[in-house]
Structures are given as C-alpha cells and as structure tokens.
Amino acid sequence: MTFLTTTSTPLFLAQGSILRVLDPNSPNARSIFDLGIISTIILGVIFVIVASLIVYSLMRFRWREGEADPKQVAGNTKVEIIWTAIPCLIVVALFALTARTMSLSDPPPAPEPDLIVTGHRWWWEASYPKSGVTVANEFHIPAGKAFSLRLESSDVLHEFWVPELARKITAVPGHPNSIWLEADKPGTYLGICSEFCGTQHAWMHFQIVVDSPADFAAWEKAQQKTAATPVTPLAIHGLALFRDKTCVSCHAVDGIGTATEGPNLTHFASRQQLGAGVVDNTAENISRWLADPQSIKPGCLMPDFHLGDHDVSALTAYLETLR
Ligand code: CUA
C-alpha cells in the first residue's frame, strides 16, 4: 500500500495500482511482447559480437613500446560489401517482424464499435452503443471476445494504455481512433493515460474488468437499469441536495439528469474506485471527496462546494444507494 500526502490527511491509494507491462494477457499484447523479446535477443547478440570484437582488438592489437606502425590499408571492396549487407539484412528482418506484429496487434476496426471510450480531463467515459450503457473509469468486457473500441477525446490529447491487453492509442479530439480490446481470462487490468494532458494526468487511471461471458451479460443488464430510488431519509435528502447543489449540471444519473461534463453516476456505487483511480470507493473516501475534491485530486474540474458535514453525509448516503 502506498501513501500520498496531501494538504490534509494522508490518503491510502487505491488498490491494484500496479501497471504490468511485461505480463501480456491477450493475443494482441502477446504479439507486442514477443516482438520485444525477439528484438532484444537480436540486438543483444549484435551487442555481444561487436563488444567482444572491440575488446579482442584492443587487447590483441595494442601498441607496444618500440613497435612500428602496422601496414596501412585503404579500401577493401569485399569487407565493405559485407558490412553494408549484414546491417541491411538485420534492418529488413526487424522491419518484417515489426510489420507482422502491427498486423497481429492492430487489425482493421469493425464497422461499428462495441465500445466507445472518451478521454476527459481527467477521467474516462465508456459507452456501449449496443446496450446504451454509459459508465466511467471502470469498464467491463467479456473474456475471450475481441471488442472493437473507438477512442475519442472531449478536450485535449490523452493516451489509452492497458499494457496487459493492447497497444497504446492516442485519443485525439475530433479524430476517432480504433483498436481491439481482448483478454484471455477474467481479471481486472489497470490502464493509464500515457500522454501528458495537464495537472492530473498521472491520476487518469481506468480499470478493465474482464468477466466470463455470463457475468458480463449480467453486469450489462444491471447497468441498463435506471438508478435506484433512495428510501432512507438521509439518502432522500441527499438526492434533493444532488439536484439543488448543481451536482446534476455535470453528472448524469439515469432518471435524474443527463449532463456529460462529469462521470455518469447512475451505478456509481458498483465501481471499485473513485476519482479515476485515486482512492478506493468507500463511504469514508466519498465523504472526503465531497468535503474537498481538490484535496484528493488537486486541479480536478470538480469545484469545492464547501458543503457542511450534514450535507456531505446526506450526499454520501445517496451516492451509496447507486448500486
Ligand atoms: Cu489524459 Cu494524460
């Protein structure tokens, strides 16, 4: 567990914030990993041969006291052809291997995407056009099925990178890019934004939750439901505050509002993390976030509403109902 010291109390960072770049878990990522290994071996062999020849020459042909200059040689066609041809062949081989990996790791996109991901400062929105589900920062895909993903950006350049599953791809405003997302087995895979995009670039994490096909279908069905209606007086008060305190002008909750400035909160409580990976999604952290978002994620676009303790408790109770 890692510590992050902020202006207020120290925070425990969210669990699972380790990026595994050498642990491919999809055919696409494996092809990239394999290319890395093969290239490293080829370049390693070249390094050993060249370094050994240099060391050998230094020792064997070292000038000694009283020795005359060696015979001077200018031009040798045979040697020149050899030392031009060998590097050319190496470059051609590396090019061929790279071209093969490019076609394996990045096939042409499907005509219609299964998932549209949009980069925002500093969080990710994901919508499933076929089921109409919209989520933020934590998205599910079924294991063993290639998902066609279209990547967009609402503001600046971001970069979508989940090294265990796919190549990096840049989110460009006004210019959608596509990749395939696939995973061999269920699990949770960490992704990050890997292109500097402002203050909270480093806290623009996301999680790909890979489910079995049955679990994925159940998850998608649960996400299609409209938001839960609060029943406790505190949570009912929280919903009223959600409307009055203008939360609803930025955050969509199905049946309450449709704004897209901030993350869609319809099933907020079903997510594991808060603030695009900054902290775990617990009641304590929600309260801390509501009391002063800037202390948890300095520079984030959610202002500090200077809510009193009672309002914070009511909003927390309401958000916790959004399973
Ligand atoms: Cu978004 Cu860096």
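FYI, side chains are in, hydrogens and waters are out, and symmetry mates aren't considered; it's all heavy atoms of this structure. All ligand and atom numbering here is 1-based and tracks the order in the structure. One is the number of the first residue; the rest follow in order along the sequence.
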Practice task
Could you tell me the angle subtended at atom 2 (Cu) of ligand 1 by O of Glu195 and SG of Cys197, rounded to 10°?
Solution key: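 With atom 2 (Cu) of ligand 1 as the vertex, the angle is close to 110°.
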Practice task
Work out the angle at atom 1 (Cu) of ligand 1 between SD of Met204 and SG of Cys193, rounded to 10°.
Solution key: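 Nearest ten degrees: 110°.
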Practice task
Specify which N/O/S atom of His158 comes nearest to atom 1 (Cu) of ligand 1, by atom name.
Solution key: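 Of all N, O or S atoms in His158, atom 1 (Cu) of ligand 1 lies closest to ND1.
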Problem - Parallel, tilted or perpendicular: rings of His205 and Trp203 (30°, 60°) - result: tilted
Problem - Derivation of the ring pair (Phe, Tyr, Trp, His ring centres under 6.0 Å) call for His158 and His120 - result: CA-CA 8 Å; His158 300 279; His120 296 264; 8.0 Å; no
Problem - Residues Lys78 and Glu80 bridged, charged N to O under 4.0 Å - result: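 Glu80 and Lys78: not salt-bridged.
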Exercise for the section: Please find out if atom 1 (Cu) of ligand 1 and some N, O or S atom of His201 are separated by less than 2.8 Å. Expected result: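 For His201, the answer is no, given that no N, O or S atom comes within less than 2.8 Å of atom 1 (Cu) of ligand 1.
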Handout entry: side-chain hydrogen bond (donor to acceptor under 3.5 Å, both in side chains) evaluation trace for Asn264 with His267
Key = CA-CA 8 Å; Asn264 184 308; His267 296 282; over 6 Å; no
